[in-house]
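Input: a single structure, listed below in structure tokens.
Starting from 1, each residue takes its place in the sequence as its number. What you see is a predicted model, and the numbers here were worked out from it, not measured in a lab.
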Amino acid sequence: MQRDHAEPALEPARAAEFNWQAHSILVVDDEEDTRSFLERALRPRCGLVEIARDAEQAARLMARLHFDLLILDIALPGKSGLAWLHELREHGFSGDAILVAAEADLDTAIAALRGGASDFILKPFRVDQILNSVRNCFQRAHLARENFVLRRELAGLGGEVSNGLVGRSDAMQQLREVLHRVAQTSSTVLLLGESGTGKEVAARALHEMSPRARRPFVPVNCAAIASELIESELFGHIRGAFTGATESRNGLFHYAHGGTLFLDEIGELPLALQTRLLRVLEERRLRPVGSEREVPVDVRIIAASNRDLATEVAAGRFREDLYFRLAVVDILIPPLRERAEDIPDLLHHFMNLLTMQLAVPALAIPEALLARLAHYCWPGNVRELRNFVERSLILGAFPPEAPNLRGDALLVGTELSLGEVEKRHILHMLEACGGNKSEAARRLGVSRKTLERKCAEWDESLT
């Protein structure tokens, strides 16, 4: 085979802008010269490069190693490269593939691209040709991950990006210091606190201050996904893995690769899935549903719960080994009633944010209102304050009784316990919604599953 054997080294500036070492490649070609040529060009640059002479040998390598990219000759002995690639796609391989051929017509090139190839190159090829093709494949994969994460984030937040850590109280200053210190490590973090305190905001801050800040941040609410679907949602699945799986799909671990996966309300995970998650955390490898292949993962886990997980462990509802694996560093997010001095800052922050989103004018904030808000117990925490501001903007005025709840039963200084305050608040919201649990959960800023669990704990017979 005629080719340009000159192998120009990448210039330092170009090498710095693309992390070759983070990627793995499998070269499959029956020509020894081609295998040697590609191995010499790629092995000094990439984190892992393996070679195989046919599909059978390549399949054995793929059974024990993960590859981001295949460089595959179409005319392999035995099973053709195109037929083998089609088979791989059928079994859930989601990596890129570059097909090469000594000669081909337009129909062959079209068949290659329709068969799942990312690029098609004719032999003989130069080093810069193959390097450019490889780089383009990896950059497209990176952009696809980022686009998926962004679309999911915008859909879930209604276009709102992170609120940030708002407030100048001592509690918030201490929280910022702890988050900044922990962010520089790769340790798993468990965020604890009441519902609505801003655990996702803290998780985003951890990610944005970490070395992974330029990679994806993927939040997932474990309570909002049906138990029979959450395994596929996290780990992905191959086609035919279960009824309705008409095509293979990557999981959220895949899209969080290199970045952070935030598992909110992790206490809601079924026990069987807790076992699988523990294995992924310990081995840094996962297996998509229905697949026989394991895939390495490079993801930092931040988990959160408004439950006391130690109590859940004692009750047998949460795995003790997973609890200790998650709580390498545990951080308590303070409730709003313990940092009432932050209410003015939060009020102005939400006012600025929501006037733009709702396209309505801002409201004047009288001092008397701030005084009433400062003495309210805020069982729904920061989320409840945000909902209060949004409701007031929509109505065009702050309600005369602020917040617009049975405040006389909820003010700080009464003899009610916090649990009783929470119970009265939730039951009042259910009453205001005519018993509609979905609407009450939306107004409270919690999942319907969490609301039903609370009602079950109180043994309320609500319809």
Any heavy-atom pair between the side chains of [Y] and [X] that's under 4.5 Å?
X	Y	result
R176	L179	no
L42	I71	yes
L175	I333	yes
E341	D170	no
L69	H23	no
F67	M62	yes
E268	T450	yes
H237	P288	no

Subject >> R319: which of L269, L278, L277 passes side-chain contact (heavy atoms from CB on, under 4.5 Å) >> reply: L278

Original post:
Checking side-chain contact (heavy atoms from CB on, under 4.5 Å) against I301, which of L261, I266, L190 comes through?
Top reply: L261

Original post:
For R181, does the CZ atom have more than 12 heavy-atom neighbours from other residues, nucleotides or ligands under 6.0 Å away?
Top reply: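 12 or below, so no.
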
Original post:
Would you say R168 has more than 12 foreign heavy atoms packed within less than 6.0 Å of its CZ?
Top reply: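 Atom CZ in R168 is not packed in, count stays at 12 or less.
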
Do any N or O atoms from the side chain of [X] and from the backbone of [Y] form a donor-acceptor pair under 3.5 angstrom?
X	Y	result
R307	E312	no
D68	S24	yes
Q184	M209	yes
R300	T185	yes
D264	C222	no

Original post:
Thinking salt bridges, do D345 and R339 make one under a 4.0 Å N-O criterion?
Top reply: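 Result for this pair is no, no salt bridge flagged.
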
Original post:
Do R204 and E200 meet the salt-bridge criterion of a basic N to acidic O distance under 4.0 Å?
Top reply: yes

Nearest non-hydrogen partners of [X] and [Y], listed with the distance:
X	Y	answer
P361	L393	O-CD2, 3.6 Å
G167	M172	O-CB, 3.9 Å
V382	T197	CG2-O, 4.1 Å

Original post:
Aromatic rings W20 and F138: how do their planes relate, parallel, tilted or perpendicular, breaks at 30° and 60°?
Top reply: perpendicular

Original post:
Relative to each other, are the rings of W378 and F388 parallel, tilted or perpendicular (30° and 60° limits)?
Top reply: perpendicular

**OP:** Test side chain to side chain donor-acceptor pair (under 3.5 Å) on S232 and R249 and set out the steps.
**Re:** CA-CA 8 Å; S232 170; R249 180 182 175 186; 5.5 Å; no

